[in-house]
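What follows is a set of notes on a single structure, which appears directly below.
Numbering starts at 1 and runs along the sequence shown. What you are looking at is a predicted structure, and each value in this text was computed from that prediction instead of being measured. Computed over heavy atoms, backbone and side chain alike; hydrogens, waters and symmetry mates excluded. As the structure lists them, so they are numbered: ligands from 1, and atoms in each ligand from 1.
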Amino acid sequence: MFNSLSDRLTATFKNLRGRGRLSEADIDATVREIRRALLDADVAVPVVREFTAAVRERALSAEVSGALNPAQQVVKIVNDELVAILGGQTRALQFAKTPPTVIMLAGLQGAGKTTLAGKLALALREQGHTPLLVAADLQRPNAVTQLSVVAERAGVPVFAPHPGNQGAETEVVIGDPVGVARDGVAEARAKQHDVVIVDTAGRLGVDQVLMKQAADIRDAVQPDEVLFVIDAMIGQDAVATAKAFEEGVDFTGVVLSKLDGDARGGAALSVATITGRPIMFASTGEKLTDFEVFHPDRMASRILD
Ligand code: GDP
């Protein structure tokens, strides 16, 4: 995902190797190269601005350790600031004091929500939890079936408005997604599942009906976590999409999907700063095991490796 950005940053740092103290002009030239590399990687402009201002200020001040040479100092500063724009700390799922913990998924169609539901369910099951998946995406004819397939692969039950295996590509599912979500959570409580994952509908673009439906589901099930799933390959659209979901449903955390892709990755680097919400998980492939907890520091190291 970040190959090109990594190469550009590495080349920038290479120019500094073997240099003595850096002048203000040297630092400005370096910051300019970093700015270009970030913009070319589709990182959102306000994030680039914040990032480069912080790097410049810290590089000019003598705050860093005397044990590092100037090139190493710049690498350390860039690393620290990457960790900062990626959200700083690793943020774990917050479980409800009284089960079930309700996790709602939101995002555009194709973002990777349904796949994520299976990945999260499998990971939680392996940690000893007893998740129930709830199919509240009634917009797409095949969505209930798709969630049922994913649930079976994850080895967890699914609550759906009708048996998932009856879904067909041409079938039009009509129903009440808010009611399904509410009933799903009630079912989890009755059957003593300690976690409920509610999959919701996505549209190809942000739209008000979708937002209202997601907000209604949120109000009905009072989730402990609302995870906004975003395709890391969507580039500059990430900012508008993330902001629309932040305003429409509000979310507690972000999941970056398709981090295995070879796009430029600006969405991944912008979304935590743009929304002020932590990136909690990363999806890195189509298999249910292609899933990891997101660690800002490890991601920064990977970019600068
Ligand atoms: P939804 O519409 O948000 O529920 O999205 P889906 O879960 O149906 O995913 C849309 C497509 O993206 C499917 O073909 C998935 O197999 C694929 N997909 C989901 N997550 C990933 C990922 O992390 N990497 C890759 N390469 N593909 C993914």
Side-chain angles (χ1 to χ4, degrees), residues 1-3 103-123 131 133-154 156 158-161 164 167-169 171-173 177 180-181 184 196-207 209-211 213-214 217-218 223 225-235 237-238 241-242 244-245 248-249 251 253-269 271 279-295 299 302:
M1 166 82 29
F2 297 109
N3 290 349
I103 301 171
M104 172 178 157
L105 308 181
L108 294 181
Q109 183 176 316
K113 287 181 300 301
T114 304
T115 310
L116 188 264
K119 291 176 174 183
L120 194 54
L122 177 63
L133 289 176
V134 175
D137 176 358
L138 308 187
Q139 214 67 42
R140 213 155 37 96
N142 210 28
V144 175
T145 311
Q146 196 193 337
L147 189 71
S148 303
V149 170
V150 156
E152 195 176 334
R153 277 163 52 203
V156 303
V158 65
F159 180 88
E169 206 61 61
E171 181 188 4
V172 177
V173 182
V180 170
V196 199
I197 300 168
V198 182
D199 191 20
T200 68
R203 295 278 169 87
L204 288 176
V206 170
D207 97 31
V209 177
L210 155 78
M211 280 305 171
Q213 185 184 96
I217 291 176
R218 181 201 61 206
E225 297 277 16
V226 180
L227 302 183
F228 167 58
V229 184
I230 186 162
D231 179 342
M233 312 223 281
I234 70 169
D237 286 347
T241 308
F245 274 88
V249 276
F251 46 86
V254 178
V255 179
L256 291 173
S257 70
K258 309 189 192 179
L259 263 188
D260 52 309
D262 58 3
R264 293 179 282 190
L269 288 175
V271 72
I279 303 169
M280 293 170 61
F281 300 104
S283 252
T284 55
E286 297 193 71
K287 293 202 300 288
L288 290 192
T289 47
D290 294 332
F291 173 70
E292 51 194 69
V293 171
F294 186 86
H295 299 288
M299 182 54 78
R302 228 187 275 176

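Within the 4.0 Å heavy-atom cutoff, Gly202 does not count among the residues contacting ligand 1. Residue contacts with ligand 1 leave out Lys287, since none of its heavy atoms falls under 4.0 Å from the ligand. Heavy atoms of Ala111 come nearer than 4.0 angstrom to ligand 1 in at least one pair. The shell of residues lying under 4.0 angstrom from ligand 1, judged by heavy atoms, includes Asp260. Taking 4.0 Å as the cut-off, Leu108 counts as a neighbour of ligand 1 on heavy-atom distance.
Among the atoms of Leu259, none of the N or O lies under 3.5 angstrom from an N or O of ligand 1. Between Glu286 and ligand 1, at least one N/O pair is under 3.5 Å apart. Inclusion of Gly112 in the set of residues having an N or O under 3.5 Å from an N or O of ligand 1 is warranted. Not one N or O of Gln109 is nearer than 3.5 Å to an N or O of ligand 1, by distance alone. Residue Thr115 has at least one nitrogen or oxygen atom sitting less than 3.5 Å from a nitrogen or oxygen atom of ligand 1, judged on distance alone.
Taking all atoms of both residues into account, the shortest heavy-atom contact from Gln213 to Ala201 is OE1-CB, 3.5 Å. Looking at every heavy atom in both residues, Val271 comes nearest to Ala242 through CG2-CB, 3.8 Å. Annotation for Ala136 and Val180: closest pair CA-CG1, 4.3 Å, computed over non-hydrogen atoms. Here the closest heavy-atom approach between residue Ile197 and residue Ala117 is recorded as CD1-O, 4.0 Å.
Residue Asp137 does not touch ligand 1, judged by heavy-atom distances below 4.0 Å. At a 4.0 Å heavy-atom cut-off, ligand 1 does not touch Met233 at all.
Looking only at side-chain heavy atoms (C-beta outward), Asp199 and Val150 stay at 4.5 Å or farther from each other. Between Glu286 and Thr115 there is no side-chain heavy-atom pair separated by less than 4.5 Å.
For the side-chain contact (heavy atoms from CB on, under 4.5 Å) with Val144, the qualifying choice from Val158, Asp137, Thr114, Leu138 is Leu138, the only one to do so.
Taking every non-hydrogen atom of Thr284 and a distance limit under 4.0 Å, the qualifying atoms of ligand 1 come out as 23 (O). Of all atoms in ligand 1, numbered sequentially from 1 with element shown, those under 4.0 Å from a heavy atom of Lys113 are 1 (P), 3 (O), 4 (O), 5 (O), 7 (O). The Lys119 neighbourhood of ligand 1 comprises atoms 23 (O), with distances under 4.0 Å to a heavy atom of that residue.
For the pair Thr200 (side chain) and Leu105 (backbone), a donor-acceptor distance under 3.5 Å is present. When atom types are taken as modelled, the side chain of Lys113 and the backbone of Val229 share no donor-acceptor pair closer than 3.5 angstrom. Side-chain N or O atoms of Ser257 include one that pairs as donor or acceptor with a backbone N or O of Ala111 at under 3.5 Å.
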Give the C-alpha distance, both sets of side-chain angles, the deciding distance and a yes or no for side chain to side chain contact (heavy atoms under 4.5 Å, CB included) between Asp231 and Leu108. CA-CA 9 Å; Asp231 179 342; Leu108 294 181; over 6 Å; no
Please report the C-alpha distance between Phe245 and Leu210 in whole Å, then the side-chain angles of each, then the deciding distance to 0.1 Å, and finally whether the side chain to side chain contact (heavy atoms under 4.5 Å, CB included) criterion is met. CA-CA 10 Å; Phe245 274 88; Leu210 155 78; 4.0 Å; yes
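Considering only non-hydrogen protein atoms, atom 8 (O) of ligand 1 sits nearest to Gln146 NE2, 2.8 Å. Among protein heavy atoms, the minimum distance from atom 18 (N) of ligand 1 is reached at Lys258 CE, 3.9 Å. Scanning the protein heavy atoms around atom 21 (C) of ligand 1, the nearest turns out to be Gly285 O, 3.5 Å. The single protein non-hydrogen atom nearest to atom 4 (O) of ligand 1 is Thr114 OG1, 2.7 Å, given as residue, atom name and distance. Counting only heavy atoms of the protein, atom 2 (O) of ligand 1 lies nearest to Gly110 N, 2.6 Å.
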